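Side chains are part of it too, since the values below use all heavy atoms of this structure and drop only hydrogens, waters and symmetry mates. Convention: sequence-line order gives letters A, B, ...; per-chain numbering from 1. Everything numeric here is computed off the predicted structure, so don't read it as measured data.
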2 protein chains.
Amino acid sequence: MSSTPPFHETLDLTLCGSMGRVHRLCRDAVTLAVEPLGLTQSRWTAMMHLFHLNQGCTQQELANSLGIEMPSLTRTIKQLEQQEIIARKADAEDKRSKRLYFTEQGLQLLDTLQVIIADVKQHLYADLTTEQLDTMAHGLIQMEQNARQCIRHYSGDK
Amino acid sequence: MSSTPPFHETLDLTLCGSMGRVHRLCRDAVTLAVEPLGLTQSRWTAMMHLFHLNQGCTQQELANSLGIEMPSLTRTIKQLEQQEIIARKADAEDKRSKRLYFTEQGLQLLDTLQVIIADVKQHLYADLTTEQLDTMAHGLIQMEQNARQCIRHYSGDK
DNA sequence: TTAAAATAGTTAGCATGCTAAGTAAATGGA
DNA sequence: TCCATTTACTTAGCATGCTAACTATTTTAA
């Protein structure tokens, strides 16, 4: 027994591959469930984050919340605007900024979306205890910090 | 205290967003570290998996190991072949299959790659105990199963 | 034995992340 | 005050995942 490798070593080369795979699968599950609403992953994710940030935030704030870069968000915002789910209004104070709001229809769609996502989430978390989920969440945060430091190490510092 | 929500609830809407983010960051960290070798993420990942499968496997087997679809792999294989890191040889038994082998240079590159990845991995896992990593690995497997079932639920079964 | 179904691989084109480089507005220091 | 820097956002184009649809081969079954 003492020579058995730790379980996670057997799973994947860096755990990263598994995370990518689980990420894609969870994403696909939700996207499939919300398919009737005509939303892709990037769109429903942005909607959920906009809801949690409260309306009226800037694109920069939303991008930070999503953990993606601005250009990635620009495309999604444009689509949501074309679908008339959200509206962009120039900030009166700072003419560079655009603030984001749900339209009337957008709010209705959001309601439906929330219900569906809550349901899917239950399925995704099935058979996982709160302790397990919390351990995973803490681990993810730690790995995120490690990775960022690692990136700094290999790029900036030479 | 009793009304405090579980930690993972505060982290992200579905944990999926975090996984995607950590996945991208880990991937970037390794890719940056192996940059001198001229390899992108999909290429070094494929090399590592090919090594673990032993040479001579088919593209289908490698795709399964990587958890990606065939067309995604085709592109990567083509690049690795152009870089003369791997070679494809038609199977004598089954003319549809192509078996994958490292070239001489490919093997040398692999050696260097392994050393670098082992190093990066240490950084990425810093401050995480074996127990934590194992819990995460088990959780990921469970979530992967849940997601697959969920996808079946929303697509096939109606 | 031969036509239908399954399997290995490819090509074409979409979704979503990224970086690099550009525009317009705000800010800060000479 | 005014030019240089910074900031918010956009555009262009790449990397890597995907599905759909095609070819060629193998297997299955009538």
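In this structure, the side chains of A:Leu25 and B:Met143 stay at 4.5 Å or more apart for every pair of heavy atoms. At least one side-chain heavy atom of A:Arg148 sits under 4.5 Å from a side-chain heavy atom of A:Arg152.
Sorted by first and then second residue, the side-chain hydrogen bond (donor to acceptor under 3.5 Å, both in side chains) pairs with a member in residues 95-110 of chain B read B:Asp91-B:Arg99, B:Asp94-B:Arg96; sequence neighbours excluded.
Just one residue in the list B:Val115, B:Ile117, B:Leu109 forms a side chain to side chain contact (heavy atoms under 4.5 Å, CB included) with B:Leu113, and that residue is B:Ile117.
Within residues 79-86 of chain A, no residue approaches DNA chain C, by heavy-atom distance under 4.0 Å.
With sequence neighbours left out, the salt bridge (charged side-chain N to carboxylate O under 4.0 Å, His left out) criterion links A:Glu69 to no other residue. Every residue was checked against the salt bridge (charged side-chain N to carboxylate O under 4.0 Å, His left out) condition with B:Arg27, not counting sequence neighbours, and none meets it.
The nearest whole Å value for the distance from the CG atom in B:Leu100 to the C1' atom in C:dA8 is 12 Å. Between B:Ile77 atom CD1 and C:dT11 atom P there is a gap of 13 Å when expressed in whole angstrom units.
Around the CD atom of A:Glu35, the shell of radius 6.0 Å holds no more than 12 heavy atoms that belong to other residues, nucleotides or ligands. No more than 12 heavy atoms of other residues, nucleotides or ligands sit less than 6.0 Å from atom CD of A:Gln122.
Checking the phosphate oxygens (OP1, OP2) of C:dA8, a side-chain nitrogen or oxygen of B:Gln60 falls inside 4.0 Å. Between B:Lys78 and C:dG9 there is no side-chain polar atom (N or O) within less than 4.0 angstrom of OP1 or OP2.
In this structure a side-chain-to-backbone donor-acceptor pair under 3.5 Å is missing from A:Gln83 to A:Leu80. Within the 3.5 Å criterion, the main-chain N or O of A:Phe102 finds a donor-acceptor partner in the side chain of A:Gln55.
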Close N or O pairs between protein and nucleotides 21-26 of chain C (under 3.5 Å):
residue	atom	partner	partner atom	Å
C:dA26	OP1	A:Glu93	O	3.4
C:dA26	OP1	A:Lys95	N	3.0

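Between B:Ser97 and B:Arg24, the residue whose closest nucleotide on DNA chain C is further toward the 5' end is B:Ser97. Place A:Arg75 and A:Arg99 on DNA chain D by their nearest nucleotides, and A:Arg99 ends up nearer the 5' end.
Nucleic acid contact class of A:Thr40 (heavy atoms, under 4.0 Å, all strands): sugar-phosphate only. Within 4.0 Å of B:Arg88, counting heavy atoms only, lie sugar-phosphate atoms of the nucleic acid but no base atom.
Using a 30° and 60° split on the angle between ring planes, B:His153 and A:His123 fall in the tilted class, from 30° to 60°.
Chain A approaches DNA chain D within less than 4.0 angstrom (heavy atoms of the protein), and the contacting nucleotides run 5' to 3' from D:dT7 to D:dC18.
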